Amino acid sequence: MAVYIRKHPLEIPLPSEKDWLKDDEEDFFLQDPERERDALPQPVRMATKLVMLVFENAMEIIERREMLREAEKLKVQPTKCFATAEFQVTGTATCLAVSGKYIFVGLSMGLAAFKVSDYTEVCVWDEVKTEICAIRALDLGNEGHILFAVDEMGLVCLFCFHKESFLLAKILNEVEDISKRSACVEVVLSPGGDYAGVLLQDSTKAWLEIYRLPKDSWLKEMEESPGAAEGLTFGERRLSRASAKSLELHKDVPAQMESPVAANKVDLKLSLPVLLLIVKPPKPITGSSFKTPLDALKKVDDDSVLGLGHNHLIKDSQWEQWEAIFRSMYREYLEAEDESTEEMARHATFHFLLPSQILQVQPGMKLQPDIPAGISVHWDGSHNLCFYLLNHSLKEKVDSDLNPDVVWPCAAPIVCSAVSSCSRYLALACEDATITIWDKQLGYPLSVTTILEERLIRSIHFLRSSAVASDETPRPGTDPACPIVQLLVLCTDSALYLVKAPRAEKSSITLLADRPQDPNLAVSAVVPVLAFPSAVLVFSWNGKVSLMNTDTSQIVYCFIIPPSHAVASPWQPVFTVDSVNWYLLLRGDKQQQADALASHSTIFLFDFNSYPLKEAFPKEPDLPLKSSQNLTWFERCNIFLHDRQQSLLGLREQLPEFWTRLQTQAAAMDEEREKKKGQKKPQ
């Protein structure tokens with residue numbers, strides 16, 4: 001029987017030791033009344049409580065880890081896949097790119113090219129001694145390649161690689177005044193390489209430049225160059241030396257390797273990319289200078305109903321009043337935001353889009369189905385997704401204040417976006433965790449879903465599906481089996497979600513992997529492997545590279561490099577996936593050089609064709625077309641609505657005429673109003 005001894009009123013003791021109660025004055029419980037005089041004095045009892053608290057917390061952590069370890073044992077262990085080949089590069093490899101028969105490696109002191117067949121080094125460019133941070137390669141055919149390389153200073157270098165030799169053709173953002181130099185943030189090539197987008201920024205602003213690439217002219221100029229034969233001779237001579245050097249690739253001492261030979265300087269002049277568009281961030285909305293709605297209507301010079309919101313009738317005084325009311329109501333929540341008033345340069349995400357229903361081109365304009373017709377751009381912190389057409393003539397002057405052709409406003413700021421490999425579907429993710437998948441061909445949203453947990457979305461990626469790969473328009477009377485569009489969603493806390501959006505059913509969202517308890521298991525990057533349906537490469541902070549099957553939420557394969565090496569910078573791994581030959585290139589460094597600047601790097605190659613991946617990811621069978629007699633009423637309604645939409649496409653050509661009539665009527669009403677004012681003045 002426990003005894004409760006209380007001699008004084010209950011109160012909170014002060015933190016000072018001199019204010020503690022005496023042993024004979026303190027209230028405490030005794031489980032055994034016989035041990036009343038054997039109780040420990042203060043501060044020994046407090047120290048005992050702290051030790052026991054630490055011990056209990058440690059036991060909880062141990063039990064939790066044991067449960068996770070037992071759960072891992074119950075899971076199916078993934079198959080280990082070892083590297084099928086490897087080769088070494090001199091210096092630190094910072095980026096990788098594959099184009100045709102060559103592997104291009106960005107180095108800490110230049111650029112190098114290797115053959116895919118035997119991984120021998122064929123050429124090195126190290127004239128400027130700068131670090132290459134990103135490479136975008138374009139295969140022109142006939143052993144001709146164009147490279148866009150971004151160095152550590154933010155300069156965009158245009159390289160020509162022909163007959164196994166490099167040529168620096170142009171630096172796109174080079175200026176004479178260094179103080180006016182702009183740094184490149186990102187370079188994106190369109191599918192097929194007809195256009196290139198370069199995102200630039202300086203200390204105060206950012207903008208996007210779209211270039212048209214003269215691919216046909218480049219290939220013709222390479223073939224007609226008098227130095228092409230020289231390049232071939234040089235390449236053959238360089239290949240023999242590289243073959244001899246390849247015998248020493250696996251030696252421990254890198255100093256025995258032969259120093260690379262500089263690039264061949266072929267006298268070749270290439271046509272430069274043509275600047276087509278300059279896209280700037282949208283201007284902030286300010287007070288209106290219009291006096292009447294007719295004045296605002298006359299300023300709109302196109303048939304776009306939705307814009308960026310600049311043509312409105314809200315005065316500056318109204319903005320100030322609303323802001324004062326808002327700040328007075330939420331003053332305590334806005335104190336932290338008032339400290340940061342400086343506006344930094346902004347970042348943009350953009351995609352090249354093939355012709356579709358959402359891009360309203362002018363009547364009579366010819367479009368090619370495999371060449372982009374426009375771009376989609378959204379800036380950080382902006383609610384609007386802007387579309388710009390690429391049908392501008394090269395003779396037209398580049399407009400620095402270009403207005404978007406189509407604007408899609410969203411309820412929350414857009415965080416990230418993605419376009420499917422067939423360029424039919426466009427996905428948007430907002431700050432409120434809302435994900436929208438649009439069918440660009442039909443022009444309506446296929447799915448709108450929300451992650452219920454309070455998580456921020458980091459990136460989204462489309463997964464391959466055999467049903468989605470077909471981009472054909474349904475024929476009247478028939479409808480293909482409803483494709484299921486799969487979207488992989490990565491959150492900032494490394495949680496993975498899978499969104500499935502069928503065309504005729506309700507979309508669903510599935511949690512593939514929750515937030516890991518161990519910080520070392522955090523996901524640094526995810527890349528869909530389009531060669532296999534539902535296959536995703538997952539890179540973790542602990543250097544683990546695995547292949548996940550999103551249908552089962554299980555890790556089915558792990559890509560292992562030798563124990564003597566470790567994945568370089570696992571928080572930002574250096575890798576690339578060849579979508580033609582289907583293999584993974586991954587950089588690894590020796591363990592003793594992982595923390596220091598390595599004198600050389602090893603590139604490991606994992607050939608997907610060498611592993612039984614087809615058994616783990618079987619191809620989905622293509623379902624046959626159904627006749628209209630065997631369709632459900634829901635599918636018949638979809639066919640009817642699609643046919644109705646096709647019949648309404650002719651109204652788009654009449655929209656400019658209707659808008660012109662409306663503006664003419666507004667101008668006539670304005671003139672009539674002015675006449676009435678003039679008639680009233682003499683009276």
Side-chain angles (χ1 to χ4, degrees), residues 76-89 92-106 112-121 135 137 246 249-250 421 461 463-464 488 496 521 523-550 552 554-591 594 598 600-619:
V76 178
Q77 296 298 324
T79 305
K80 296 182 179 181
C81 298
F82 297 94
T84 55
E86 64 180 82
F87 61 95
Q88 292 184 353
V89 299
T92 304
T94 56
C95 53
L96 299 170
V98 179
S99 179
K101 302 178 181 179
Y102 298 95
I103 302 173
F104 299 101
V105 183
F114 294 81
K115 274 193 173 182
V116 175
S117 57
D118 52 3
Y119 317 113
T120 55
E121 186 180 276
I135 300 176
S246 61
L249 288 179
H250 302 287
S421 58
H461 306 272
L463 301 181
R464 178 186 176 274
L488 183 68
L496 281 174
L521 299 178
V523 178
S524 57
V526 293
V527 178
V529 182
L530 300 181
F532 308 99
S534 306
V536 178
L537 276 173
V538 181
F539 296 83
S540 303
W541 277 45
N542 59 355
K544 183 179 179 181
V545 183
S546 55
L547 189 65
M548 173 186 286
N549 188 349
T550 57
T552 60
Q554 297 291 333
I555 301 296
V556 292
Y557 288 96
C558 285
F559 298 98
I560 308 298
I561 62 176
S564 59
H565 290 72
V567 175
S569 60
W571 54 91
Q572 193 175 1
V574 179
F575 71 97
T576 187
V577 178
D578 186 4
S579 58
V580 177
N581 300 314
W582 304 120
Y583 55 78
L584 167 67
L585 290 172
L586 179 65
R587 170 193 156 190
D589 294 338
K590 286 191 175 181
Q591 294 285 0
H600 70 283
S601 300
T602 304
I603 308 299
F604 295 93
L605 185 139
F606 299 88
D607 189 357
F608 293 153
N609 299 317
S610 302
Y611 313 120
L613 299 183
K614 295 182 180 180
E615 300 176 0
F617 302 95
K619 182 181 179 181

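This one's a predicted model, so the numbers in the text were calculated from it and none came from an experiment.
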Problem set entry | Atom pair CD1/CZ of Ile603 and Phe114 - distance to nearest 0.5 Å | 8.0 Å
Problem set entry | For Pro612, all residues meeting side chain to side chain contact (heavy atoms under 4.5 Å, CB included), sequence neighbours excluded | Tyr557, Glu615
For this session: Give me the ring orientation class for Phe559 and Phe606: parallel if the planes are under 30° apart, tilted from 30 to 60°, perpendicular past 60°.
Result: perpendicular
Residues 565-577 side chain polar contacts: donor-acceptor under 3.5 Å, at least two apart:
unit_1	atom_1	unit_2	atom_2	d
Ser569	OG	Gln572	O	3.0

Exercise. How long is the gap from CD on Gln88 to OG1 on Thr602, to the nearest 0.5 Å?
Worked result: 4.5 Å
For this session: Could you grab the distance from atom OG of Ser610 to atom CZ of Phe82, nearest 0.5 Å is fine?
Result: 14.0 Å
For this session: Compare all side-chain heavy atoms of Leu605 with those of Tyr119 and state whether any distance is below 4.5 angstrom.
Result: yes
For this session: Return the set of residues passing side chain to side chain contact (heavy atoms under 4.5 Å, CB included) with Pro528 (not counting sequence neighbours), or none when no residue passes.
Result: His461, Leu463, Leu530
Problem set entry | Lys544 side, atom NZ; Phe539 side, atom CZ - distance, nearest 0.5 Å | 13.0 Å
Exercise. Any side-chain heavy-atom pair from Tyr611 and Thr84 closer than 4.5 angstrom?
Worked result: yes
For this session: Among Ile555, Thr550, Val527, find the residue that satisfies the side-chain contact (heavy atoms from CB on, under 4.5 Å) test when tested with Val536.
Result: Thr550
For this session: Could you check if a side-chain atom of Pro78 sits within less than 4.5 angstrom of a side-chain atom of Val556, using non-hydrogen atoms only?
Result: no
Seminar exercise, completed: Closest non-hydrogen contact found for Ala535 with Leu547 is CB-CD1, 4.3 Å
Problem set entry | Residues that Asn549 engages under side chain to side chain donor-acceptor pair (under 3.5 Å), provided they are two or more places apart | none
Seminar exercise, completed: Interatomic distance, CG@Asp589 vs OG1@Thr92, rounded to 0.5 Å, equals 7.0 Å
Seminar exercise, completed: Separation between CD (Glu121) and NZ (Lys115), nearest 0.5 Å, reads 13.0 Å
Problem set entry | side chain to side chain donor-acceptor pair (under 3.5 Å) involving Tyr583 - partner list, sequence neighbours excluded | Asp578
Seminar exercise, completed: Between Gln591 and Pro563 the two heavy atoms that sit nearest each other are NE2-O, 3.4 Å
For this session: Sequence neighbours left out, what passes side chain to side chain donor-acceptor pair (under 3.5 Å) with Asn542? Give chain and number order.
Result: none
For this session: Mind running side chain to side chain contact (heavy atoms under 4.5 Å, CB included) on Met548 and Leu496 for me, showing each step along the way?
Result: CA-CA 11 Å; Met548 173 186 286; Leu496 281 174; 4.1 Å; yes
Problem set entry | More than 12 heavy atoms from other groups under 6.0 Å of CH2 on Trp541 | no
Exercise. Just wondering, do Val98 and Leu585 contact through their side chains at under 4.5 Å, heavy atoms?
Worked result: yes
Exercise. Where do Asp118 and Phe87 land on the side chain to side chain contact (heavy atoms under 4.5 Å, CB included) test, with the steps shown first?
Worked result: CA-CA 9 Å; Asp118 52 3; Phe87 61 95; over 6 Å; no
Exercise. Parallel under 30°, tilted from 30 to 60°, perpendicular over 60°: which one fits the rings of Phe608 and Phe532?
Worked result: perpendicular
